[in-house]
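Heads up, the thing below is written out as structure tokens.
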Amino acid sequence: MKVSSFKWLFGRNSEFWPTNMKTGMWAWVGHRLTGLVLVAYVFLHLAFISTASIGEGGSSFDALMETTSKPLFVAMDFLLVIVVIYHAMNGFRVVLFDLGVGIRRQKLVFLAAMAVSAVLIVGGLLAIWHLVFPNGGA
Amino acid sequence: MTEGEIPIKVQRFDPTADKLPYWQTFNVKLKPGMTVLDALFEVLNHQDGTLGFRFCCRAGVCGSCAMVIGGKTRLACETQMSQFMGKGDLMISPLPHQKVVKDLAVDYTHFFDRIKKVKPYLVGKEPYPEKEFIQLPKERTPINEPIDCILCGSCTSACTMAWTNSDYLGPAALMKSYRFLVDTRDSIPEQRMDIVESESGVWRCHTQFNCVEVCPKKLNPTEAIQRMKIKAVKRKLFGKRALKK
Amino acid sequence: MSEQIVATSKVAGTWAWFLQRLSAILLVIFLGIHLYAAHFMGVSAETGDEPLLSYEEVSLRLDQVLYIVVDYGMLSMVLLHGLNGLRTVMLDFDMFVRRRKLVDVGLWVVGIATMIWGIVILWPFITG
């Protein structure tokens with residue numbers, strides 16, 4: 001029996017993933033992916049504001065703000081909040097390890113970081129909701 | 001398969017003959033106290049004489065028989081077969097992302113090259129004492145753990161940065177370096193720091209903790225690497241006295 | 001011994017790592033101020049019925065030196081952290097380790113160019 005590429009990727013004895021993909025590895029994968037997303041976002045953010053700022057006047061900036069409050073952009077903002085908070089909280093966990101704190105209890109530290117992010121994400125989403133619908137929703 | 005037998009699925013690969021690795025199933029009758037290494041011997045002696053695997057001490061000291069057993073990196077000589085009874089096929093494959101010499105034996109050349117780069121030997125302080133270097137118990141404490149490393153290669157084979165960056169020293173070599181760095185008898189901490197502080201040294205560690213998960217000796221290479229990172233930054237900020245022991 | 005791909009730098013790694021942590025902490029602070037100032041301060045936030053940012057409001061805010069410092073400081077930290085992070089990602093792979101000088105120079109060029117772009121973007125708000 002040959003090893004299929006599917007098994008090579010996802011099988012129990014996968015050659016592709018580390019054989020013990022556990023907490024720390026998942027945290028790192030998430031950190032790296034969110035980091036790359038955020039770098040892309042920064043350039044997108046600059047590009048968006050530059051369309052309203054370079055060469056034109058105030059009306060185009062207001063128009064841009066009008067566009068970015070459409071549901072699609074608000075949904076993207078929701079995702080952005082999740083990504084930023086995950087990256088920040090996991091980054092905080094990494095900084096703790098760099099200070100020599102909690103290395104032996106990395107799984108507990110990860111759970112704590114994720115608990116804090118969950119609270120912050122809920123808070124962030126409520127804040128966006130409040131901004132988009134200042135009169136209490138609907 | 002009859003009663004009392006465990007089906008073991010071994011990844012076979014002969015680089016001179018095969019294009020791709022393939023899995024082969026053997027049925028091994030469970031005996032009391034049988035380890036995975038015993039089971040492999042059972043196969044080698046009675047079923048297929050061409051099976052290749054590496055072993056030496058059979059007691060978890062030499063670090064020759066590290067392989068992936070049931071989806072987890074373990075030492076074959078220290079893993080009991082009885083725990084896999086009735087759990088379906090037991091998958092056995094070589095250490096991941098290593099060059100396979102034959103079946104379960106992988107090529108350790110690159111692994112030991114990385115170890116050699118960190119000067120894995122004690123450079124004593126001169127003048128040498130007549131008998132031995134005297135150490136207090138509390139001076140010995142920091143090296144109690146890293147000295148237990150048996151160089152089985154599990155950690156470096158589980159580290160994704162060691163897969164993709166062949167220059168990266170890897171957890172085993174870095175912990176070896178740490179072991180001599182914190183040794184009070186050693187006299188070249190500056191040189192050791194210069195080696196581990198390079199781009200392919202400690203800075204490639206992103207605290208994935210894969211090495212900690214797989215270590216059969218329950219050591220913590222990540223902690224050693226983190227301590228060396230702190231030492232490196234202190235040395236850059238405060239100069240040489242940061243390395244004083 | 002197998003060949004070593006490249007004689008690696010003994011300086012950049014430590015500072016890159018240290019600045020990455022430093023900029024991370026600064027970024028969290030800047031991000032808090034940036035978001036609060038952009039969305040929860042000013043006239044529209046008080047009246048409550050106009051949630052959008054307006055041009056006048058932003059340029060009013062950017063007349064204050066504090067917010068100019070915050071915005072440009074944040075941009076420089078974002079670029080430091082983001083591009084340094086990209087460098088870390090790249091140096092995990094052999095193909096980029098072999099071209100480490102190119103990676104470093106390329107990221108510096110991208111960083112400085114983006115910084116100038118960012119300064120130009122905010123200029124109308126500061127002067128206007």
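Fair warning: this is a prediction, and the values are worked out from it, not measured in the lab. So that the names make sense, note that chain A is the first sequence line, chain B the second, and so on, each numbered from 1.
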ask   = B:F53 and B:L37: which non-hydrogen atoms are nearest, and at how many Å?
value =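 Looking at all heavy atoms of both residues, the closest pair is CE1-CD1, 3.8 Å.
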
Have [X] and [Y] got a donor and an acceptor in their side chains that come within less than 3.5 Å?
X	Y	value
B:T35	B:D38	yes
B:R140	B:T184	no
B:D103	B:Q11	no

Is a side-chain N or O of [X] found less than 3.5 angstrom from the main chain of [Y], in a donor-acceptor match?
X	Y	answer
B:K102	B:P15	no
B:D48	B:L44	no
B:Q226	A:F97	yes
A:W28	B:H206	no

request  = Pull out the residues in residues 100-113 of chain A that come under 4.5 Å of chain B, heavy atom to heavy atom, sorted by number.
outcome  =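 A:G100, A:I103, A:R104, A:Q106, A:K107, listed by number.
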
Contacts with chain B made by residues 79-96 of chain A (heavy-atom distance under 4.5 Å), listed by residue number =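 Checking residues 79-96 of chain A against chain B gives A:R93, A:V94.
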
query = Given the options B:N220, B:I230, B:T207, which has more heavy-atom pairs under 4.5 Å with chain A than any of the others?
reply =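 It is B:N220.
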
request  = Name all residues meeting the salt bridge (charged side-chain N to carboxylate O under 4.0 Å, His left out) criterion together with B:R204; count only those two or more places apart in sequence or in a different chain, and write none if there are none.
outcome  =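 B:E199, C:D92.
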
message = According to side-chain hydrogen bond (donor to acceptor under 3.5 Å, both in side chains), does anything in residues 37-47 of chain A pair up with another residue at least two apart or in another chain? List the pairs.
response =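 Sorted pair list: A:Y41-A:H45.
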
